[in-house]
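Chain A is the first sequence line, chain B the second, and so forth, proteins listed ahead of strands; every chain is numbered from 1. Worth knowing before you read on, the calculation uses all heavy atoms, side chains too, and leaves out hydrogens, waters and symmetry mates.
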Protein chains: 2
Amino acid sequence: MKLSTRARYALRMMIVFARQSEGKELISLNDVSKEANVSRRYLEQLVIGLKNGALIRGKSGKGGGYTLARPADQIKIRQIVESAIGPINIVDCVLNPENCLKSDVCECRILYQVINNRITGILDSLVLADLVDGSRLNEAVKVLDTAYSNSPAPGV
Amino acid sequence: MKLSTRARYALRMMIVFARQSEGKELISLNDVSKEANVSRRYLEQLVIGLKNGALIRGKSGKGGGYTLARPADQIKIRQIVESAIGPINIVDCVLNPENCLKSDVCECRILYQVINNRITGILDSLVLADLVDGSRLNEAVKVLDTAYSNSPAPGV
DNA sequence: ACATATTCCGATTGAAATACTAGGAGTATG
DNA sequence: CATACTCCTAGTATTTCAATCGGAATATGT
């Protein structure tokens with residue numbers, strides 16, 4: 001039940017790209033690598049997903065780098081995470097019920113689906129711009145918390 | 001972002017114990033093993049957590065077996081899952097911020113905490129009795145869904 | 001008493017996912 | 001035309017997860 005480092009690095013990269021994009025400049029993976037203290041080679045792999053998901057644009061050659069493909073408030077957190085680790089499904093049967101012989105009578109399946117829906121729901125309701133701007137995030141979380149009355153956010 | 005088989009087997013076992021407990025009889029892991037089609041040896045390991053969590057009671061010797069330590073409506077799903085896989089924390093920094101040098105300025109930490117709280121919230125609000133009785137579960141999910149207005153349950 | 005069915009405990013192996021490294025081709029720039 | 005990048009693909013290392021195994025302790029029924 002862990003969020004992989006792939007997903008976390010992807011989020012951190014996107015935050016860096018978003019900050020840079022305000023100045024419309026390209027930022028290279030070498031720079032991101034230094035800033036995030038993660039090997040460039042590894043980031044290269046993760047960035048492929050973000051590119052395929054059309055969240056960023058890359059430009060080769062000297063002076064090249066990456067930039068957001070669209071404004072940070074139009075990029076859902078879910079898109080970032082799923083670009084990195086694929087579709088969210090905490091148990092295989094949630095997306096592929098045919099893989100489970102008992103899916104029609106399974107007592108737990110509804111539970112798994114509910115959890116899955118909650119997770120994707122949160123990721124859908126937040127955007128990259130929220131992560132970039134702390135106060136925006138706090139606001140978005142507050143909205144979530146009034147809708148989702150139980151389990152309030154921790155003291156942040 | 002998967003729920004491990006440990007957790008899933010633990011849930012299935014607890015459902016079996018719950019069904020049997022209505023008749024107050026003990027049920028052996030051999031029987032559970034046959035019913036669930038999982039090796040007894042493996043179930044033995046998983047059952048340790050459930051026992052340490054005081055969710056079930058075991059009795060050794062011939063005719064021995066396990067039974068719920070308390071009524072199924074007083075056992076939260078969260079307790080079952082956490083007995084199997086330990087505390088829910090999708091990212092280490094959620095429970096152990098001191099392990100992350102940047103925890104005080106990390107843009108993502110709030111996000112991780114929110115997701116974590118949602119998951120534990122759901123697991124806290126459902127009990128074993130809900131899983132045992134399908135109609136009870138549907139009811140509980142419906143309640144959750146009206147409170148949590150977005151991301152409705154799938155067509156189940 | 002004793003064979004038997006069970007829980008209980010710890011160690012080990014096997015398999016798979018994850019994290020990370022590495023080489024090198026292609027591409028634009030100044 | 002050297003340079004600084006992206007881009008693509010393969011391989012290795014590490015860790016986590018799943019499952020197996022041997023055997024001691026415990027209670028039961030006969």
I want to check one thing: is the phosphate of [N], taken as OP1 and OP2, less than 4.0 Å away from some side-chain N or O of [X]?
X	N	result
A:N30	D:dC5	yes
A:Y9	C:dC20	yes
B:S4	D:dC17	no
A:K59	C:dT29	yes
A:S60	C:dG26	no

Sugar-phosphate only, base, or nothing, as touched by A:L26 at under 4.0 Å among non-hydrogen atoms: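 Counting heavy atoms under 4.0 Å across all strands, no contact is made by A:L26.
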Sugar-phosphate, base or nothing in reach of B:K51, heavy atoms under 4.0 Å: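 Here B:K51 touches the backbone only, sparing every base.
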Among [options], which nucleotide sits nearest the side chain of [X]?
X	options	result
B:Y66	C:dT29, D:dC8, C:dT7	C:dT7
B:L29	D:dT20, C:dT7, D:dT6	C:dT7
A:R41	D:dT6, C:dG10, D:dC7	D:dC7
B:T5	C:dT21, D:dA19, D:dC7	D:dA19

No-H, no-angle donor-acceptor pair, A:E44 side chain to C:dT21 base, under 3.5 Å: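 Side chain to base: no pair present.
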Over 12 foreign heavy atoms within 6.0 Å of CG, B:N37: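 No, because the 6.0 Å sphere around CG of B:N37 holds 12 heavy atoms or fewer from other groups.
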Given DNA chain D, 5'-ward residue of the pair B:A7 and A:Q45, judged by closest heavy atom: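 Of the two residues, A:Q45 wins.
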Nearest-nucleotide 5' precedence on DNA chain D, A:K62 against A:N52: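 Counting from the 5' end, the first nearest nucleotide belongs to A:K62.
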Lys/Arg-Asp/Glu bridge criterion (N-O < 4.0 Å) met for A:E25, A:R19: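 Result for this pair is no, no salt bridge flagged.
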Candidate pair A:L55 and A:F17, rule side chain to side chain contact (heavy atoms under 4.5 Å, CB included), full reasoning: CA-CA 10 Å; A:L55 304 181; A:F17 293 146; over 6 Å; no
